Amino acid sequence: MEVDATGAGGNDAMDVDQEQARASDKIFEDLLEKAKDLETTNPEKAVVEYKAIIHGDVDDPTAKGREQAIYALAEFFAKQRKADELSKLSKELRPLFGELPKAKTAKIVRTLIDVLAKIPDAKDVQIEMIRDCIDWCKGEKRTFLRLRVETRLSSLLLEESKYVEALDLLTKLLTEVKKLDDKLLLVEIYLIECRTQYSIQNLPKAKAALTAAKTNANAIHCPPLLQAEIDLWSGVVTAREKDYRTAFSYFYEAFEAQNAADNEQKARKCLKYMLLSKIMYSRPQETKAIINGKSGLKYSGIEIDAMAAVAAAYEERSLKKFEAVLQQHKGQLADDPLVTWHLADLNETLLEQNINRILEPFSRVEIEHVAELIELPLTRTQAKLSEMILDQKLNGTLDQGVGVLIVFDKDEVRSTYDNSLKTIKNTAEVLDTLYGMAKQVA
């Protein structure tokens with residue numbers, strides 16, 4: 001009977017706690033609604049109200065109400081594009097962080113950094129805020145949060161083209177995180193390293209970092225969007241190795257994941273790379289089916305239209321039209337280093353094919369005449385012919401004294417020479433074998 005009485009008392013206490021929690025939530029909801037209404041009518045008063053909720057004396061056992069007020073104020077600063085105020089807020093909250101659980105503190109810090117990232121032209125403020133957070137984490141000995149924030153800093157340094165600083169930080173991070181065996185964080189760090197190494201054109205190290213990211217991702221349940229990022233960079237590295245068929249498969253996997261997550265910007269980027277892979281694989285006609293498909297129509301826009309125009313020009317094998325398209329859609333194509341590099345390579349390939357086709361009937365031709373036929377400036381034509389001769393893509397020589405290209409006939413080497421060399425080699429092997437056998441008998 002005593003047990004029953006105690007159990008009933010415990011239930012009553014639990015009910016009282018739940019009632020208090022509901023009452024507290026209602027108070028915070030009303031206060032937040034009031035502050036939100038002031039955002040349009042009196043922005044300065046709204047900030048004061050939000051800060052009063054955050055630092056107020058209202059009982060908040062779960063800290064849920066204060067947390068919501070912090071996020072609401074951060075979003076308000078982001079709408080107002082007040083990056084400095086948002087950075088200042090992160091410092092003002094530090095006394096409060098001592099009262100909150102570490103997990104909730106980490107969530108708030110990372111959210112504030114994410115919200116600040118939404119403000120355009122605020123990279124410098126964001127880097128300064130993150131460095132300040134790192135110093136605070138070191139002082140408070142919050143190692144896990146510091147490692148997460150430092151990973152974010154390395155990504156920002158990459159975006160700001162501070163490659164040396166980014167690589168130094170990544171090396172230090174890898175040493176620490178490997179000791180903790182946090183595989184999810186390791187995947188993110190290796191991906192940033194891959195991007196950094198790719199940016200400085202160090203492809204072997206970029207590939208090694210990508211392989212390490214895949215190895216760690218296979219050891220855990222990798223979140224779909226992180227796996228999509230791995231697939232995207234697998235496609236980028238594979239495309240650089242000119243394996244466009246495999247690259248298309250990687251880009252398709254990344255596109256499917258981003259499309260499922262309704263991440264419009266990244267899905268469109270993956271779709272653009274899919275079209276680029278088809279063009280570089282010399283199958284520009286297949287881009288029409290992708291663009292006119294359900295997914296293609298969903299993400300149609302100026303970037304996709306630019307890739308369609310490039311595919312149409314390449315399909316016609318017209319160098320003049322191809323270069324005109326590149327110039328016309330320069331804004332959409334030049335912003336992406338990957339697209340720029342591959343299209344520049346394709347442009348050179350198309351130019352070489354056109355030159356070889358034009359030179360077929362000639363054994364001696366004026367360089368100026370070649371420039372007229374290909375419809376390019378004389379200086380560029382001459383430079384390209386020199387490059388092709390040096391790369392042994394064109395068997396000829398330039399007589400610049402008279403401005404003439406002399407094309408040599410291809411030397412027809414008879415197969416008799418190769419066959420004779422093979423016969424001599426085989427005979428030598430037979431004689432060596434017989435000599436060995438004779439030595440054993442003797």
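Computed from a predicted model, the values in this text were never measured in an experiment.
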Handout entry: Side chain proximity check, I367 to V404, heavy atoms < 4.5 angstrom
Key = no
Exercise for the section: Assess the side chains of K298 and N259: does a donor N or O sit below 3.5 Å from an acceptor N or O? Expected result: yes
Handout entry: Under 3.5 Å donor-acceptor, S300 side chain and G296 backbone
Key = no
Handout entry: Residue pair S199 / L158, side-chain heavy-atom distance below 4.5 Å
Key = yes
Exercise for the section: Please report the closest heavy-atom contact between I279 and Y314, naming both atoms and the distance. Expected result: O-CE2, 3.5 Å
Handout entry: Non-hydrogen side-chain atoms of I290 and F248 separated by less than 4.5 Å
Key = yes
Exercise for the section: Return yes if a side-chain donor-acceptor contact under 3.5 Å exists between D243 and T246, otherwise no. Expected result: yes
Considering only distance and modelled atom types, tabulate donor-acceptor pairs under 3.5 Å from the side chains of residues 128-139, sequence neighbours left out.
| from | atom 1 | to | atom 2 | distance (Å) |
| --- | --- | --- | --- | --- |
| R131 | NH2 | E165 | OE2 | 2.6 |
| D132 | OD2 | R94 | NH1 | 2.9 |
| D132 | OD2 | R94 | NH2 | 2.8 |

Handout entry: Neighbour count above 12 (heavy atom, 6.0 Å) for E368 CD
Key = no
Handout entry: L232 and K266, any side-chain heavy atoms less than 4.5 Å apart
Key = no
Problem - Main-chain N/O of K178 paired to D182 side chain as donor or acceptor, under 3.5 Å - result: no
Practice task
Using a strict 4.0 Å threshold on nitrogen-to-oxygen distance, state whether E348 and R380 make a salt bridge.
Solution key: yes
Please tabulate, one pair per line, all N/O donor-acceptor pairs under 3.5 Å involving side-chain atoms of residues 70-87, not counting sequence neighbours.
| from | atom 1 | to | atom 2 | distance (Å) |
| --- | --- | --- | --- | --- |
| Y71 | OH | E67 | OE2 | 2.7 |
| E75 | OE2 | K118 | NZ | 3.1 |

Practice task
For N218 and K214, indicate whether the former's side chain and the latter's backbone hold a donor-acceptor pair under 3.5 Å.
Solution key: yes
Practice task
Report the relative orientation of the aromatic rings in F255 and Y252; use parallel for angles under 30°, tilted for 30 to 60°, perpendicular for over 60°.
Solution key: tilted
Problem - For the student: nearest non-hydrogen atoms of V187 and A217, plus distance - result: CG2-N, 3.6 Å
Handout entry: Exercise: do T211 and Y190 side chains pair donor with acceptor under 3.5 Å
Key = no
Handout entry: Interatomic spacing from CG in N202 to SG in C194 - rounded to 0.5 Å
Key = 10.5 Å
Practice task
Tell me, with the steps shown, if K51 and E92 meet salt bridge (Lys or Arg N to Asp or Glu O under 4.0 Å).
Solution key: CA-CA 10 Å; K51 287 185 177 180; E92 290 175 0; 3.3 Å; yes
Practice task
Begin from the C-alpha positions of K321 and E315 and carry the test side chain to side chain contact (heavy atoms under 4.5 Å, CB included) through to its verdict.
Solution key: CA-CA 11 Å; K321 188 173 179 182; E315 195 172 357; over 6 Å; no
Problem - Donor-acceptor under 3.5 Å (N292 side chain, K288 main chain) - result: yes
Practice task
In plain terms, say whether E160 and K123 are close enough for a salt bridge, that is, a side-chain N and a carboxylate O under 4.0 Å apart.
Solution key: no
Handout entry: T349/L351 under side chain to side chain contact (heavy atoms under 4.5 Å, CB included): CA gap, chis, key distance, verdict
Key = CA-CA 5 Å; T349 305; L351 177 56; over 6 Å; no
Exercise for the section: For side chain to side chain contact (heavy atoms under 4.5 Å, CB included), just list the numbers for K183 and V177, CA-CA rounded to whole Å, side-chain angles, deciding distance to a tenth of an Å, and then say yes or no. Expected result: CA-CA 8 Å; K183 293 198 180 295; V177 178; over 6 Å; no
Practice task
Without swapping roles, check the side chain of D391 against the backbone of K393 for a donor-acceptor pair under 3.5 Å.
Solution key: no
Completion exercise
Looking only at heavy atoms, the pair that brings S234 and L210 closest together is CA-CD2, 3.5 Å
Handout entry: N354 vs L359 side-chain heavy atoms within contact, under 4.5 Å
Key = no
Exercise for the section: List the steps, then state whether ring pair (Phe, Tyr, Trp, His ring centres under 6.0 Å) holds for Y281 with Y244. Expected result: CA-CA 6 Å; Y281 194 48; Y244 298 111; 7.4 Å; no
Problem - Candidate pair K172 and E150, rule salt bridge (Lys or Arg N to Asp or Glu O under 4.0 Å), full reasoning - result: CA-CA 10 Å; K172 190 177 73 124; E150 282 183 334; 3.4 Å; yes
Practice task
Show the numbers, then the answer: is there a salt bridge (Lys or Arg N to Asp or Glu O under 4.0 Å) between K179 and E176?
Solution key: CA-CA 5 Å; K179 289 177 185 175; E176 287 192 65; over 6 Å; no
Exercise for the section: Could you tell me whether the side chain of L157 reaches within less than 4.5 Å of the side chain of L167, counting heavy atoms only? Expected result: no
Practice task
State, with a plain yes or no, whether a side-chain heavy atom of V236 is found less than 4.5 Å away from one of Y198.
Solution key: yes
Practice task
Using side chain to side chain contact (heavy atoms under 4.5 Å, CB included) as the criterion, point out the one residue from K269, Q332, K272, E303 that pairs with V339.
Solution key: K272
Exercise for the section: For the residue pair E188 and L185, establish whether any side-chain heavy-atom pair is separated by less than 4.5 Å. Expected result: yes
Practice task
Could you please spell out the steps behind the side chain to side chain contact (heavy atoms under 4.5 Å, CB included) verdict for L398 and S386?
Solution key: CA-CA 7 Å; L398 288 172; S386 303; 3.1 Å; yes
